[in-house]
Amino acid sequence: MKHFFKKAFEDMKESTKAQHQVDKANFAAAKAESKAQWEEAKATGDPKRRQAVMQKQRDEQIAAANERKAAAEARIDAVKK
């Protein structure tokens with residue numbers, strides 16, 4: 001019985017340490033996302049910066065669409081062969 005409790009408390013200790021690491025990582029991610037949102041909000045206040053941000057978003061969307069188009073064309077070619 002003594003070993004059971006000792007092992008149980010060791011398991012809880014390890015689990016707590018692991019959960020603490022997960023919590024730290026989640027907090028750091030939330031903090032970074034919050035800062036990114038703040039910087040994006042600031043960028044929309046300045047017309048020149050807003051235009052640059054909007055153009056970057058459009059470029060990213062175009063690139064993603066081109067990747068999807070290329071993948072679809074590859075699938076079409078694979079079926080035709």
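Reckoned from all heavy atoms, side chains included, excluding hydrogens, waters and symmetry mates.
The nearest pair of heavy atoms linking R58 to Q51 is NH2-O, 4.4 Å.
Summarising the geometry, atom OG belonging to S15 is positioned 13.0 Å from atom NE2 belonging to H20; distances are rounded to the nearest 0.5 Å. Atom NZ of residue K42 and atom CZ of residue R50 lie 15.5 Å apart, to the nearest 0.5 angstrom. For the atom pair NZ (K7) and CG (D11), the distance works out to 4.0 Å, reported to the nearest 0.5 Å. Within the model, atoms NZ of K69 and CD1 of I62 stand 12.0 Å from one another, a figure rounded to the nearest 0.5 Å.
Linking ILVMFWY residues whenever their side-chain heavy atoms come closer than 4.5 Å, directly or via other members, places F9 and F4 in the same cluster.
A donor-acceptor distance shorter than 3.5 angstrom exists from the side chain of T16 to the backbone of M12, with no hydrogens or angles considered.
By the side chain to side chain donor-acceptor pair (under 3.5 Å) test, N66 is found to be paired with no residue, residues two or more places apart in sequence or in another chain being considered. Listed by chain and number, the residues in a side chain to side chain donor-acceptor pair (under 3.5 Å) with R75 amount to none (sequence neighbours excluded). By the salt bridge (Lys or Arg N to Asp or Glu O under 4.0 Å) test, K35 is found to be paired with no residue, residues two or more places apart in sequence or in another chain being considered.
Here the rule is side-chain contact (heavy atoms from CB on, under 4.5 Å) with K17, and of Q19, Q21, K13, E14 only K13 fits it.
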